[in-house]
Amino acid sequence: SEGDIETGVVAIACGVWSPKLARMAGACIPLTPAVHQMIDIGPVPRFERATRSIEFPIVRDMDTNMYERQDGTSLEIGSYAHRPILYEPEDLPSVEEAPLSPTEFPFTQEDFAPQLEHALELMPEIVGDESVGIKYAINGILSLTPDGMPIVGETPEVEGLWSAAAIWVKEGPGFGKAIAEWMVYGESEIDLHSSDVARFHEHHGTSVHIKARTAEGFNKMYGIVHPAEQWASNRDLRLSPFHARERELGAVFFEAAGWERPQWYESNAPLLDEFADRVVRREAEWDARWWSPIINAEHLAMRERAAIFDLTAFSIFDVTGPGALDALQHVSQRQVDVPVGRVVYTPWLSPGGGFKSDLTIMRLADDEFRVVTGGAHGMADRKWLRDHLPQDGSAHGSAHLVDVTSEWCTLGLWGPRARDILATVSRDDLSGEGFPFATCRTIDVELLQVLASRISYVGDLGWELYVPMEQGARLWDVVWEAGRAHGAVPAGIGVYGTTGRLEKCYRAYGTELESEYTVVEAGMAPPRVKDADFVGKAAHLRHRDEEPAAILSTLTVDDHTSSTGVARYPLGREPILTRTGEPLTDSKGRRSYVTSAGAGPSLGKHLLMAYLPPEHAVAGAELAVEYLGERYPVTVAVAGATPVFDPENARIRA
Ligand SMILES: Cc1cc2nc3c(=O)[nH]c(=O)nc-3n(C[C@H](O)[C@H](O)[C@H](O)COP(=O)(O)OP(=O)(O)OC[C@H]3O[C@@H](n4cnc5c(N)ncnc54)[C@H](O)[C@@H]3O)c2cc1C
């Protein structure tokens, strides 16, 4: 009403109304307004002299999904235990229409009754005091998102349109600072990838998805959620062409970016007998939840023979045109100007030299590249790449990005028998000389033309095999039949993403690799830096001249025995301490914690990765990990990226 304001940057910070505003501009902020019930009781005699909030500790009662918080002479009792009560942004009344506030709905007593019982049980002296009355009771409205995380950053749909939504009061100041840094410097001091609005895949924006996941997630907000816990709603959305075969083999599916991926196969249970004592079991229910010892058995079968993996969840982008090479050189830390047929593994850096991503790039022709990255982070990578493509008409020529994720499926085949298996169905030269490591080529596999890429995230001889989606089932059948004679097994992401990866000390984006850590700290600095300029180069050069503040290391757990005599297995994110229990803090003020944890079945050890201050990042250094309140001794096996299994990489280059 006061006229127009012209600006290149607009931030939508409109709480539960944010989706409405985003839609006006053609962007998507997938959140839903949801009820959070809270009552305010008082005056509480015990708080008689209180004048401010939180003079007494806030109580968070994890078992009942509730909190109790002193505010002046009152006690606020809030609940995340009731049924999910969701609205559409359009359902919210205007300020004029709303009797109280547009985000305060009439209290639904019946939803809160059991919660009040819990509060009474926990604090009978206060809640049971008949002189203490209910002063205020509301169905307050807050934002819920499909994955429970905030939604911030520039929207992928509209340049210059930013989201600052689904942020709570407690993190508001931090997000304000971080978003301002991101706008001005191109990145924030704190890594925000898990809150990035660009993380969402197309289906995440549908009303059905938002409703189902937020309804399911509501009670998890205050609950104790296992780190590997899977969503139950909206499954079976993206199915690879191998899916029917996998189902027949008893695959246990985990979800990534809407894809169903086998985590392990129940049909591999007989491998438990075959590998007997070499398969470590987990006694404690929590450690064994969303896990199976079959993963370790699949791993051992891969190391002895071969395993077949479904990697269709990769996000795949073709970058073509006269400017393609320059565009990819510009975002990639490693040399991308390689001969046609080479595969390059490279980090993508943030301007400050931290990790924006890590992925592989195949050079398919002079001006044709295929970028392959993890499904979970694929959409953010796509935005980053698009943002860095040259404009049409630029001096270096144009480049085009096409998302071909839905066109190609990927089968992984790795293990010492992988070459023998593939050779039974392909007459192409698969020898070490004819098809060296880090190269890719189209080969015939039975009647299929297959793009084969000889790289590995599990540290064994083998290939990623790409065919068009509709030919995937045939590829599976052909490789499966060929593999049987060699004892190949199907193996899940439990091996691919954890056990195989950890034995090779391969880092993963989002766990080890974040913008808060540098390539040097991750132990991944190449011997020389390419001449071509790239995002983060100046910072990277500086980091190479400095002493790293921390060094990414791999540790082994020496003794798993808890005070009750049960062997416990850390799952990740636990603090690393000295043997006497002192936390480790590096010179940048960062605490050491477990970035990834999992079995190393070939080594018979449980492996942990952690960034350690240099004085502790020494092979043989004795430290401790704190897991569920107890300390367990650990030893540094390797400081840096040298694999703990097959350190010479003989297998991968066989
Ligand atoms: C009962 C209850 C208890 C809570 N307790 C806590 C707690 O203990 N700790 C905590 O951290 N969080 C808590 N929260 C959550 C917290 O209140 C919200 O997450 C937070 O207020 C959201 O802030 P916001 O600025 O994003 O949105 P809001 O506070 O909703 O602000 C959005 C603003 O945008 C304005 N707006 C809307 N449309 C437009 C438009 N078209 N143009 C211009 N302006 C517009 C609105 O008028 C509003 O002022 C609680 C929430 C509830 C309901």
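Each ligand, and each atom within it, is numbered from 1 in the order the structure gives. Sequence positions, counted from 1, serve as the residue numbers for this chain. From a predicted model like this one, the values you see are computed outputs, not experimental measurements.
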Just jot down the ligand 1 atoms closer than 4.0 angstrom to any heavy atom of Val169, in number order. 10 (C), 11 (O), 12 (N), 16 (C), 17 (O)
Record the part of Trp168 in heavy-atom contact with ligand 1 below 4.0 Å; permitted values are side chain, backbone, both and neither. both
Is the shortest distance from a heavy atom of Arg69 to ligand 1 less than 4.0 Å? yes
Any ion pair linking Arg382 and Glu202 (charged N to carboxylate O, less than 4.0 Å)? yes
With a 6.0 Å cut-off on the ring centroids, do His36 and Tyr67 count as close? yes
If only atom types and distance count, is the side chain of Glu512 paired as donor or acceptor with the main-chain N or O of Met609 below 3.5 Å? no
To the nearest 0.1 Å, how far is atom 22 (C) of ligand 1 from its closest protein heavy atom, and which atom is that? Ile167 O, 3.3 Å
If the cut-off is 4.0 Å to any non-hydrogen atom of Gly140, which atoms of ligand 1 fall inside it? 53 (C)
For the residue pair Phe218 and His82, is the inter-centroid distance of their aromatic rings smaller than 6.0 Å? yes
Got a protein heavy atom sitting under 4.0 Å from atom 14 (N) of ligand 1? no
Is it true that the side chains of Tyr509 and Asp381 contain a donor and an acceptor less than 3.5 Å apart? no
With a 4.0 Å cut-off, strictly under, does atom 29 (O) of ligand 1 pick up any protein heavy atom? no
Which of the numbered atoms in ligand 1 are below 4.0 angstrom from a heavy atom of Ile141? 53 (C)
Heavy-atom distances under 4.0 Å decide this one: backbone, side chain, both or neither, for Leu21 against ligand 1? side chain
Check whether any protein heavy atom sits under 4.0 Å from atom 26 (O) of ligand 1. yes
Would you call the rings of His209 and His204 parallel, tilted or perpendicular, where under 30° means parallel and over 60° means perpendicular? tilted
Distance under 4.0 Å to a non-hydrogen atom of Lys170: what atoms of ligand 1 satisfy this? 10 (C), 11 (O)
Atom 35 (C) of ligand 1: protein heavy atom closer than 4.0 Å? no
Side chain, backbone, both or neither: which applies to Val16 and ligand 1 if a contact is any heavy-atom pair less than 4.0 Å apart? neither
